[in-house]
Amino acid sequence: MALRRFVQLFGEDADEVGADPAASEPLELDRILDSPLSTFSPYRLTLMLVLAGWWLVSTDVYADIWTAHPPNMARCVCESLDGGAGVLFGDLANYSHPSDNPRACAACAARGGRPWCPLDADASTMAIGFAIYCERDWLLGLPPSFDMAGVFFGGLAGGRIADLHGRRRTYLASLSLFALLYGLSPFAPSFGAYCLIKFGIGLAGSAGNVAAFTLASELVGPRLRTPLTVELWAYMFSAMSVGTAATAWAMQALSWKLYVLAMALPSVLLLAASPPLLPRSPHRLQRLEKPLQLRTTLLRLLGKRDPQRAAVE
């Protein structure tokens with residue numbers, strides 16, 4: 001009996017195993033996974049939401065839009081190089097808003113001075129902590145660039161890694177690294193270290209995204225594959241964009257480090273929820289010829305009253 005089930009699952013030569021030729025056809029996973037009773041089961045829908053939740057936690061690039069904005073330099077000082085008294089930027093060139101930074105910096109340079117900002121001048125931006133202002137303000141655009149460079153290389157390698165080591169394993173490993181680096185990023189000792197961490201965040205995030213999307217696509221049948229993957233993920237992306245901005249507005253008076261930690265927290269929660277919920281990809285298990293694991297996974301995915309259970313059992 002067990003041998004016949006193996007034949008039905010993987011279509012070995014019937015003559016070699018003494019089975020009925022009609023039983024040598026491989027299991028049609030797309031037909032089984034397309035069953036409406038299973039596709040709309042609470043468990044399967046939960047899986048789709050968890051995997052699509054990757055876009056809810058992938059706030060790393062968008063967070064830098066809020067944490068790397070130009071600082072309010074009203075409390076900064078234009079120090080005199082000849083030892084004279086410094087002048088507050090708030091009193092220099094009618095300074096009133098970060099948009100006045102270029103004009104105030106030019107006025108400070110014209111006085112033969114140099115800008116200096118205390119760490120508590122504007123806690124909402126990393127520019128103060130890393131001393132990135134005036135002629136150095138162009139550096140504020142580097143963190144997203146390093147992040148996107150990581151996304152590029154992660155996208156190139158993610159699919160290959162998922163094929164070699166499995167979608168579920170690649171997803172969990174990438175999410176673990178993503179959450180770890182994201183949580184550590186606000187404590188980077190220097191701006192250069194912060195940029196390198198952002199590269200690692202983009203790398204892990206992109207590789208995990210590829211694995212998550214592939215796994216989601218292989219857990220549903222063709223009929224609802226697009227609505228439950230492409231379309232659902234687009235909605236999650238929109239929700240993430242709005243949530244990132246809303247959180248930044250709510251935390252605008254707090255430290256940028258607290259904001260980054262708040263943005264990193266959802267990835268930790270997603271990591272905690274994923275291992276007990278996510279199965280392995282049935283398509284990959286079939287390619288690897290692991291019938292017992294495939295049977296267990298399919299029975300877990302199918303609803304208790306799904307007529308397709310008979311073909312699997």
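Bear in mind the structure is a predicted one, so any value in this text is a computation, not a measurement.
- Of the possible donor and acceptor atoms, none in the side chain of N72 sits under 3.5 Å from a partner among the backbone N and O of A121.
- Residues satisfying the salt bridge (charged side-chain N to carboxylate O under 4.0 Å, His left out) criterion with R75, sequence neighbours excluded, are D120.
- Using cut-offs of 30° and 60° for the angle between ring planes, the W256 and Y194 rings count as perpendicular.
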Exercise answer: donor-acceptor pairs, residues 246-254 side-chain atoms, under 3.5 Å, sequence neighbours excluded:
{"residue": "T247", "atom": "OG1", "partner": "G243", "partner atom": "O", "Å": "2.8"}
{"residue": "Q252", "atom": "NE2", "partner": "W249", "partner atom": "O", "Å": "3.1"}

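- At distances below 3.5 Å, at least one donor-acceptor pair connects side-chain atoms of R168 with backbone N or O atoms of P275.
- For residues 171-185, the set of pairs meeting the side chain to side chain donor-acceptor pair (under 3.5 Å) definition, not counting sequence neighbours, comprises T59-Y182, Y171-S274.
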Practice item. Test W233 against T229 for side-chain hydrogen bond (donor to acceptor under 3.5 Å, both in side chains), laying out the working first. Key: CA-CA 6 Å; W233 288 46; T229 55; over 6 Å; no
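- Between R284 and E218 there is no salt bridge, since none of the side-chain N atoms of the basic residue sits less than 4.0 Å from a carboxylate O of the acidic one.
- Annotation: side chain to side chain donor-acceptor pair (under 3.5 Å) contacts involving residues 199-211, sequence neighbours excluded, are absent.
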Exercise for review: Kindly determine whether D147 and Y62 satisfy side-chain hydrogen bond (donor to acceptor under 3.5 Å, both in side chains), including the steps that lead there.
Suggested key: CA-CA 10 Å; D147 200 316; Y62 300 89; over 6 Å; no
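- Here C195 pairs with nothing under the disulfide bond (SG atoms under 2.5 Å apart) rule; sequence neighbours left out.
- Salt-bridge check for D163 with R160: failed, with every basic side-chain N at 4.0 Å or more from each acidic carboxylate O.
- Checked by atom type, the side-chain pair Y43/R300 shows a donor-acceptor distance below 3.5 Å.
- Between C108 and C134, the sulfur-to-sulfur (SG-SG) separation does not fall under 2.5 Å.
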Practice item. List the steps, then state whether side-chain hydrogen bond (donor to acceptor under 3.5 Å, both in side chains) holds for S217 with H283. Key: CA-CA 10 Å; S217 300; H283 287 272; over 6 Å; no
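- In this structure, F191 has its ring center under 6.0 Å from that of F130.
- Contact between R280 and L285 at its shortest, heavy atoms only, is CZ-CD2, 3.6 Å.
- Every residue was checked against the side-chain hydrogen bond (donor to acceptor under 3.5 Å, both in side chains) condition with Y235, not counting sequence neighbours, and none meets it.
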